[in-house]
Amino acid sequence: MLTRRHLGSRTATLALATTGLVLARPALAAFPDRPITVIVPFAPGGANDLAGRLLADRIGPLLTPEGRALVENRPGGGSAIGADYVRRARPDGYTLLVGSASTLAVAPASGASAARYHPTQDFTPITVVGTSPLGVVVPVNSGITTLQQLVDRLRAEPGRIAYASSGVGGVSHLGADYLANLAGTSAQHIPYRGGSQTAESLMKGETLYAVDQLGSVVGQIRDGALRLLAVTTKQRDPNFPDVPTVAEAVLPDYELTTWTVMVGPKDMPADIADALSKAANAALTEPRVRERLESTGTTPVPDSTPASTRAFLDREFALYQNIVQRIGLKLD
């Protein structure tokens, strides 16, 4: 049996057999020899937490029959606290991060004190888990039925209309502020701890609107408590084909997508990163995993590599930096 010091010199090979995933990997015989910790930088519940738990449930057994991975939630700092914890961990493959655009783009782009990191320079990219549209939602009893009506309210009462987000510095914070900015006005930010509290604040009338991941509010939309006015992607969402995009409804320059990515600490051995990426991809092809992710509005990406994940993160970080600069978002 190979010891861990041999891991860097040989490469794991991964093959898909008709009966499932087969790992022909003598070089990784010692990995994992203890549970892997998957850090989710959000409170339990919500699409990002679900993605982390689905992957944790499958990547261990896909790496080795005895493999295990456990989720640990470390929320705070716009999800930057959990990311910084992983950044400082040993790069041995036993501490991983399942983060979002909030974690690896918005927080570092906006100068958050807990996010003194770069998404690719300070982490080892592993795989893109999936992409998710955001939606502009309001309470059904608000009387607002179109995005144009919401924009008109924002313009009529600049700085007085409150919007909810799932936390300071998160993508929902950025998305709602960006909407008001492109509309030529401003709104009042009220942060909460997670998507469930965001929806609750809307239904209680504490806030008027939110721009949140569809998976976090799809239940309330389906139940008729919240109204989906528009989606933030270039194309309409296939689950809501009658709902326009923000760009076609009112603001042609508006486009925003969030995502879920798995990374590890900087300088992880390439063979371990490759094996983790391939195991995650294999999990994302499993019908149960795909169905659960799609039920939250996340489209799985089962074919990324560490190299393509790095390119994706660099591209998205540049995009979010431009948005942060436009709206002047600064976090302490």
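Excluded from the calculations below are hydrogen atoms, water molecules and symmetry mates; all remaining heavy atoms, backbone and side chain alike, are included. Numbers here are sequence positions counted from 1.
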Peer 1: Heavy atoms, side chains only, cut-off 4.5 Å: are Leu104 and Leu97 in contact?
Peer 2: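 Counting from C-beta outward, Leu104 and Leu97 do come under 4.5 Å.
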
Peer 1: Provide the closest heavy-atom pair for Ala80 versus Ala107 in the form atom of the first, atom of the second, distance.
Peer 2: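 Nearest heavy atoms, Ala80 then Ala107: CB-CB, 4.1 Å.
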
Peer 1: Under 3.5 Å, side chain of Arg236 to main-chain N/O of Pro241, donor-acceptor pair present?
Peer 2: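 Yes, Arg236 side chain to Pro241 backbone: donor-acceptor pair under 3.5 Å.
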
Peer 1: Does either side chain, that of Ser166 or that of Ser172, offer a donor lying less than 3.5 Å from an acceptor on the other one?
Peer 2: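 Side chains of Ser166 and Ser172: pair found under 3.5 Å.
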
Peer 1: Can you find a heavy atom in the side chain of Val136 that is under 4.5 Å from one in the side chain of Tyr254?
Peer 2: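 A side-chain contact under 4.5 Å is absent here.
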
Peer 1: Checking Thr305 side chain against Ser308 main chain: does a donor-acceptor pair fall under 3.5 Å?
Peer 2: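 Present.
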
Peer 1: Using modelled atom types only, decide if a donor and an acceptor are shared between the side chain of Asn73 and the backbone of Phe42 within a distance under 3.5 Å.
Peer 2: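 Between the backbone of Phe42 and the side chain of Asn73 there is a qualifying donor-acceptor contact (under 3.5 Å).
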
Peer 1: Minimum heavy-atom separation for Pro108 and Tyr117, please, with both atom names.
Peer 2: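 Looks like CB-O, 3.2 Å.
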
Peer 1: Side chain of Ser186, backbone of Gly159: donor and acceptor closer than 3.5 Å?
Peer 2: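 At least one qualifying donor-acceptor pair exists.
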
Peer 1: Is Ile323 close to Leu256 at the side-chain level, that is, under 4.5 Å between some pair of heavy atoms?
Peer 2: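 Sidechains of Ile323 and Leu256: in contact.
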
Peer 1: List the steps, then state whether side chain to side chain contact (heavy atoms under 4.5 Å, CB included) holds for Arg288 with Leu54.
Peer 2: CA-CA 9 Å; Arg288 185 185 71 88; Leu54 288 171; 3.9 Å; yes

Peer 1: Does Arg74 reach the main-chain N or O of Ile39 with its side chain, forming a donor-acceptor pair under 3.5 Å?
Peer 2: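 No, because the side chain of Arg74 does not come within donor-acceptor range (under 3.5 Å) of the backbone of Ile39.
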
Peer 1: Step by step, would you call Thr127 with Asn281 a side chain to side chain donor-acceptor pair (under 3.5 Å)?
Peer 2: CA-CA 8 Å; Thr127 195; Asn281 286 341; 3.2 Å; yes

Peer 1: Treating Arg116 as the side-chain partner and Gly111 as the backbone partner, does any N or O pair qualify as donor plus acceptor under 3.5 Å?
Peer 2: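 Here the side-chain-to-backbone pair exists.
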
Peer 1: Indicate yes or no for a side-chain donor-acceptor contact from Ser277 to the backbone of Ile126 under 3.5 Å, with no hydrogens or angles considered.
Peer 2: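 Between the backbone of Ile126 and the side chain of Ser277 there is a qualifying donor-acceptor contact (under 3.5 Å).
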
Peer 1: State, with a plain yes or no, whether a side-chain heavy atom of Val301 is found less than 4.5 Å away from one of Phe312.
Peer 2: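 No, side chains not in contact.
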
Peer 1: In Å and rounded to the nearest 0.5 Å, what is the CD1 to OG1 distance from Ile161 to Thr207?
Peer 2: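 If I round to the nearest 0.5 Å, the distance is 10.5 Å.
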
Peer 1: Any sub-3.5 Å donor-acceptor pair from Arg227's side-chain atoms to Ile144's backbone N or O?
Peer 2: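 Pair found, side chain donor or acceptor close to backbone of Ile144.
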
Peer 1: Return the minimal non-hydrogen interatomic distance between Leu147 and Ala230, and the atom names on each side.
Peer 2: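 What the structure gives for the nearest pair is CD2-CB, 4.0 Å.
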
Peer 1: When rounded to the nearest 0.5 angstrom, what is the spacing between CG in Asp267 and CZ in Phe123?
Peer 2: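 If I round to the nearest 0.5 Å, the distance is 12.5 Å.
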
Peer 1: Is there side-chain contact between Leu55 and Val38, with heavy atoms separated by less than 4.5 Å?
Peer 2: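 The answer is no, as the side chains (C-beta and beyond) never meet within the 4.5 Å cut-off.
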
Peer 1: Please indicate whether Arg68 has more than 12 foreign heavy atoms, meaning atoms of other residues, nucleotides or ligands, lying under 6.0 Å from its CZ.
Peer 2: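 Count not over threshold, so no.
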
Peer 1: Any chance you could lay out the side chain to side chain contact (heavy atoms under 4.5 Å, CB included) test for Met203 and Leu226, step after step, and finish with the verdict?
Peer 2: CA-CA 7 Å; Met203 293 184 291; Leu226 298 180; 3.9 Å; yes

Peer 1: Does any part of the side chain of Ile221, heavy atoms only, come nearer than 4.5 Å to the side chain of Leu214, both counted from C-beta?
Peer 2: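 The answer is yes; the side chains approach within 4.5 Å.
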
Peer 1: Is there a donor-acceptor contact under 3.5 Å from the side chain of Thr124 to the main chain of Met268?
Peer 2: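 Yes; at least one donor-acceptor contact below 3.5 Å.
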
Peer 1: State, with a plain yes or no, whether a side-chain heavy atom of Leu276 is found less than 4.5 Å away from one of Ile36.
Peer 2: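 Counting from C-beta outward, Leu276 and Ile36 do come under 4.5 Å.
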
Peer 1: How long is the span from the CD atom in Glu206 to the CD atom in Glu200, to the nearest 0.5 Å?
Peer 2: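 Those atoms lie 7.0 Å apart.
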
Peer 1: Out of curiosity, Leu208 CG to Gln188 CD, how far, rounded to the nearest 0.5 Å?
Peer 2: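 If I round to the nearest 0.5 Å, the distance is 11.5 Å.
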
Peer 1: Applying the side chain to side chain contact (heavy atoms under 4.5 Å, CB included) test to Val217, which of Thr198, Leu202, Leu134, Asp212 qualifies?
Peer 2: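 Only match with Val217 under side chain to side chain contact (heavy atoms under 4.5 Å, CB included): Asp212.
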
Peer 1: Might you point out which heavy atoms bring Pro269 and Pro91 nearest each other, and give the distance in Å?
Peer 2: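 It is CD-O, 3.2 Å.
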
Peer 1: Passes salt bridge (Lys or Arg N to Asp or Glu O under 4.0 Å), Arg292 versus Asp57? Steps please.
Peer 2: CA-CA 13 Å; Arg292 292 291 305 280; Asp57 183 57; over 6 Å; no

Peer 1: Are Val261 and Tyr85 joined in one hydrophobic group, where the rule is that I, L, V, M, F, W and Y side chains link up if heavy atoms are under 4.5 Å apart?
Peer 2: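 In one cluster: yes.
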
Peer 1: Is the number of heavy atoms from other residues, nucleotides or ligands under 6.0 Å of Glu72 CD greater than 12?
Peer 2: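 Yes, enclosed.
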
Peer 1: Going from CD on Glu286 to CD on Glu291, what distance comes out if it is rounded to the nearest 0.5 angstrom?
Peer 2: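 One finds 11.5 Å between CD of Glu286 and CD of Glu291.
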
Peer 1: If you compare all heavy atoms of Ala176 against all heavy atoms of Tyr209, which two are closest, and at what distance to 0.1 Å?
Peer 2: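 Ala176 and Tyr209 have their closest heavy atoms at O-OH, 3.1 Å.
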
Peer 1: Flag the pair Thr309 / Leu313 as yes when at least one side-chain heavy-atom distance between them is below 4.5 Å, and no otherwise.
Peer 2: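 Thr309 vs Leu313: side chains touch.
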
Peer 1: Give the cluster check for Ile327 versus Tyr163: same hydrophobic cluster or not, with ILVMFWY residues linked at side-chain heavy-atom distances below 4.5 Å.
Peer 2: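 Looking at the clustering, Tyr163 is in the same group as Ile327.
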
Peer 1: Please check: side-chain N/O of Tyr178 versus main-chain N/O of Arg326, any donor-acceptor pairing under 3.5 Å?
Peer 2: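 Checked: no pair found.
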
Peer 1: Are there more than 12 heavy atoms of other residues, nucleotides or ligands under 6.0 Å from atom CZ of Arg155?
Peer 2: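 Yes, CZ of Arg155 has more than 12 neighbouring heavy atoms, counting only those of other groups under 6.0 Å.
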
Peer 1: Are any of the side-chain nitrogens in Arg53 or Asp49 under 4.0 Å away from the carboxylate oxygens of its partner?
Peer 2: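 Judged by the 4.0 Å cut-off on N to carboxylate O distance, Arg53 and Asp49 do form a salt bridge.
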
Peer 1: Between the side chains of Ser132 and Gln213, is a donor N or O closer than 3.5 angstrom to an acceptor N or O?
Peer 2: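 A pair is found: one side chain offers a donor N or O, the other an acceptor, under 3.5 Å apart.
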
Peer 1: If you measure from CD on Gln121 to CZ on Arg87, what distance do you get to the nearest 0.5 Å?
Peer 2: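 Between atom CD of Gln121 and atom CZ of Arg87 there are 12.5 Å.
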
Peer 1: Between Arg34 and Tyr94, is NZ or CZ placed under 6.0 angstrom from the six-membered ring centre and within 45° of the ring axis?
Peer 2: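 Yes, Arg34 lies over the aromatic ring of Tyr94.
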
Peer 1: Could you give all pairs that pass the salt bridge (charged side-chain N to carboxylate O under 4.0 Å, His left out) test and reach residues 312-321, with sequence neighbours left out?
Peer 2: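 Not a single pair qualifies under salt bridge (charged side-chain N to carboxylate O under 4.0 Å, His left out).
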
Peer 1: Checking Ser100 against Thr258 for the side chain to side chain donor-acceptor pair (under 3.5 Å) test, could you report, in this order, the C-alpha distance in whole Å, the side-chain angles of both residues, the deciding distance, and whether it holds?
Peer 2: CA-CA 7 Å; Ser100 70; Thr258 189; 4.9 Å; no

Peer 1: Over 60° means perpendicular and under 30° means parallel, so tell me whether Tyr320 and Trp259 are parallel, tilted or perpendicular.
Peer 2: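 Taking Trp259 first and then Tyr320, their aromatic rings stand perpendicular (interplane angle over 60°).
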
Peer 1: What's the shortest heavy-atom distance between Met262 and Ile59, and which atoms?
Peer 2: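 Result for this residue pair: CE-CD1, 4.3 Å.
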
